[in-house]
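Predicted model only: the values in this text are computed from it and were never measured. Within every chain, numbering begins at 1; the chains are lettered A, B, ... in the order of the sequence lines, protein sequences first and strands thereafter.
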Amino acid sequence: DAGITQSPRHKVTETGTPVTLRCHQTENHRYMYWYRQDPGHGLRLIHYSYGVKDTDKGEVSDGYSVSRSKTEDFLLTLESATSSQTSVYFCAISESVTPAYSTDTQYFGPGTRLTVL
Amino acid sequence: GQNIDQPTEMTATEGAIVQINCTYQTSGFNGLFWYQQHAGEAPTFLSYNVLDGLEEKGRFSSFLSRSKGYSYLLLKELQMKDSASYLCAVFYNQGGKLIFGQGTELSVKP
């Protein structure tokens, strides 16, 4: 299994509070991703990183920010949590992206279940 | 958009064979992945196809036709533990992002 951990694994918070989720990898992979998974929508990309301090938006980035100060850590921040951000959040890593090779395979962390009341 | 279409649910019998289909938009296609996800767990990688044809890995095989924008995952000798959601994901060369289908929930019954 790829060495990916996420913290916390579960969190309940209130609307309007800031929340930070952490993804930590021990694989030294260059690319890291944050997804959310909701019933009826599947996995959707929030933000991704292609190196230290290099990040870009995914398809559902509104209300989220990210930071990557070290290769091994990728942080996802909800500046002011809303009930619509209640979801399961997955971090993923990959060695490469294009052109497509098997090293583009993304490996997922265990997930964080976030509930915003 | 880059819609990835797969059936929402399927049911099959233990010991049987099941085929889960996935169709996708071909423009910009650069590879297709299948993942398995058990309830409450993370997706785990099953297979990868970039060229036309069949890739076999034990009881699981994945097929790709790039010209038709079509793939399937074939599961043989079904076991109860194969009950899970199966996610089709396509790698498009615009920005190097994976686009996921909504997943097919497979129930294996005795």
Less than 4.5 Å apart, side chain to side chain, heavy atoms only: is that true for His41(A) and Phe100(B)?
no
In the single-linkage hydrophobic clustering (I, L, V, M, F, W, Y; side-chain heavy atoms under 4.5 Å), do Tyr72(B) and Ile17(B) co-cluster?
yes
Is there a path from Ile20(B) to Tyr24(B) through hydrophobic residues (I, L, V, M, F, W, Y) whose side chains come within less than 4.5 Å of each other?
yes
Between Pro110(A) and Ala42(B), the two heavy atoms sitting closest are CA-CB, 4.1 Å
Test ring-ring contact (aromatic ring centres under 6.0 Å, His included) on Phe45(B) and Phe108(A); report intermediate values, then the result.
CA-CA 9 Å; Phe45(B) 169 70; Phe108(A) 286 81; over 10 Å; no
Using the rule that Ile, Leu, Val, Met, Phe, Trp and Tyr join whenever any side-chain heavy atoms are under 4.5 Å apart, tell me whether Tyr35(B) and Leu74(B) fall into a single cluster.
no
Proximal component of Tyr35(A), with respect to chain B [non-hydrogen, under 4.5 Å]:
side chain
Within a 6.0 Å radius of atom CD on Gln19(B), are there more than 12 heavy atoms belonging to other residues, nucleotides or ligands?
yes
Find the one option among Pro39(A), Gly58(A), Gly40(A) whose heavy-atom pairs under 4.5 Å with chain B are most numerous.
Gly40(A)
Could you measure the distance from the CG atom of Leu87(B) to the CG atom of Leu43(A)? Nearest 0.5 Å is fine.
6.0 Å
Backbone of Gly42(A) reached by a side-chain donor or acceptor of Gln102(B) within 3.5 Å:
no
Please answer: with hydrophobic residues joined when any side-chain heavy atoms are less than 4.5 Å apart, are Leu75(A) and Leu114(A) in the same cluster?
no
Rounded to the nearest 0.5 Å, what separation is found between the CZ atom of Phe91(B) and the OG1 atom of Thr105(A)?
9.5 Å
Hey, any chance Val116(A) and Val60(A) share a hydrophobic cluster, counting ILVMFWY side chains that come within less than 4.5 Å of each other, even indirectly?
yes
Of all of Arg113(A), Glu59(A), Arg44(A), Gln37(A), which one pairs up most often with chain B through heavy atoms under 4.5 Å apart?
Gln37(A)
Output yes when a side-chain donor or acceptor of Tyr107(A) lies under 3.5 Å from a complementary backbone atom of Pro43(B), and no otherwise.
no
Closest contact, heavy atoms only, Phe90(A) versus Gln37(B)
CZ-NE2, 3.6 Å
